[in-house]
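To keep things clear, I will list the structure first and then write my remarks on it.
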Amino acid sequence: DIDISKEYLKKINKIYIVACGTAMHAGLVGKNAIEKLCKIPTVVDIASEFRYRDPIIDDKTLCIYISQSGETADTIAALKLAKAKGAKTLAVSNVIGSSITREADYTIYTHAGPEIAVASTKAYTSQVVLMVILAMYFAEVLGSYGGIEKLKADILDLPAKVEAMLDETDAIKEFANKVYTEHDMYFLGRGTDYNVAMEGSLKLKEISYIHSEAYAAGELKHGTISLIEDGTPVVAVATQDALLKKTISNIVEVKTRGAFVMAVTNEGNTEIEKTADYVIYIPQTNAYFANSLAIIPLQLFSYYVAVGKGCDVDKPRNLAKSVTVE
């Protein structure tokens with residue numbers, strides 16, 4: 001229902017995507033889609049940082065704000081800042097009539113339904129898909145990408161593919177049962193796989209209380225690899241075909257140093273079985289939607305680890321569903 005014209009999109013020279021936590025990770029996927037489909041420079045920023053660093057904003061800037069609850073204090077404050085500087089603002093929220101939707105110039109809803117658990121799962125997957133849909137909409141208005149109809153068809157296949165993955169969880173559960181007593185874990189990926197690794201790592205921290213870090217796989221050799229020793233659990237995400245061989249080489253690096261690896265990759269990438277201890281395959285889909293499927297095994301992994309430890313998966317300690325304070 002938003003009415004953004006071709007003239008306006010041609011005028012803007014930068015898009016900011018601003019959010020916190022899980023919503024920010026969804027924004028990173030949105031950045032990739034917008035830049036590739038629309039060729040508009042896009043910056044993702046953490047709301048609590050954005051609002052205090054005097055960002056360069058004017059009437060040629062579009063600012064997109066993502067918040068499941070629509071009540072996230074830092075995100076709302078960042079939105080008000082952008083409006084004061086003359087930018088157009090667009091809110092992405094799951095809650096109709098929430099504060100962020102009343103403040104923004106435009107609003108689109110994820111319509112994910114109520115999410116009972118504190119840690120965001122289906123809200124994240126909905127945000128990811130919606131950000132790609134938004135990029136598709138901009139590209140359609142601009143006429144900047146010729147494969148929009150194929151992308152639309154691919155979206156409609158996603159629910160069935162997610163259902164299929166939820167029916168095949170044995171390997172994820174087995175890996176979780178072998179590592180749930182560990183104190184440290186690492187997640188690796190390149191490109192948008194790194195974005196989904198960040199969200200997978202956050203989920204593990206939130207509900208299992210295990211220290212976990214996500215790294216861009218190519219950064220390993222710049223210091224992080226010193227942390228890998230015998231038995232260190234590593235989860236590697238490798239769904240971007242153009243980067244597959246690079247990611248496999250990084251898995252080899254950690255395996256050589258004793259890591260215990262679960263890889264998440266596309267059906268057909270059986271070469272990775274030579275390297276990883278466990279391989280979770282996701283159904284083939286368009287690269288723009290691979291994140292929507294790749295996060296499912298990571299969410300399930302966090303769930304099984306937390307259950308193994310006896311944690312309250314729905315109500316993690318120290319967390320609230322809606323962060324309404326700074």
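Just so you know, these numbers come straight off a predicted model, no measurement behind them.
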Quiz item: T101 and T107: side-chain donor and acceptor closer than 3.5 Å?
Solution: no
Quiz item: Without hydrogens or angle criteria, can the side chains of S126 and T110 be said to hold a donor-acceptor pair below 3.5 Å?
Solution: no
Quiz item: K161 side chain to Q284 main-chain N or O, any donor-acceptor pair under 3.5 Å?
Solution: yes
Quiz item: Is there a donor-acceptor contact under 3.5 Å linking the side chains of N177 and E174?
Solution: no
Quiz prompt | Closest heavy-atom pair and its distance - N266, T239 | solution = ND2-O, 2.8 Å
Exercise. Please indicate whether I56 has more than 12 foreign heavy atoms, meaning atoms of other residues, nucleotides or ligands, lying under 6.0 Å from its CD1.
Key: no
Exercise. Please check if any side-chain donor atom of T89 sits under 3.5 Å from a side-chain acceptor atom of D105, or the reverse.
Key: yes
Quiz item: Does the side chain of S120 come under 3.5 Å of the side chain of Q68 through a donor N or O and an acceptor N or O?
Solution: no
Exercise. Fit a plane to each ring of F260 and F175, take the angle between them on a 0 to 90° scale, and name the class: parallel (under 30°), tilted (30 to 60°) or perpendicular (over 60°).
Key: parallel
Quiz item: Rounded to the nearest 0.5 Å, what separation is found between the CE atom of M131 and the CE atom of M136?
Solution: 13.0 Å
Quiz item: Going by atom types alone, do E213 and S201 pair a side-chain donor with an acceptor below 3.5 Å?
Solution: no
Quiz item: Any side-chain donor-acceptor pair under 3.5 Å between T121 and E115?
Solution: yes
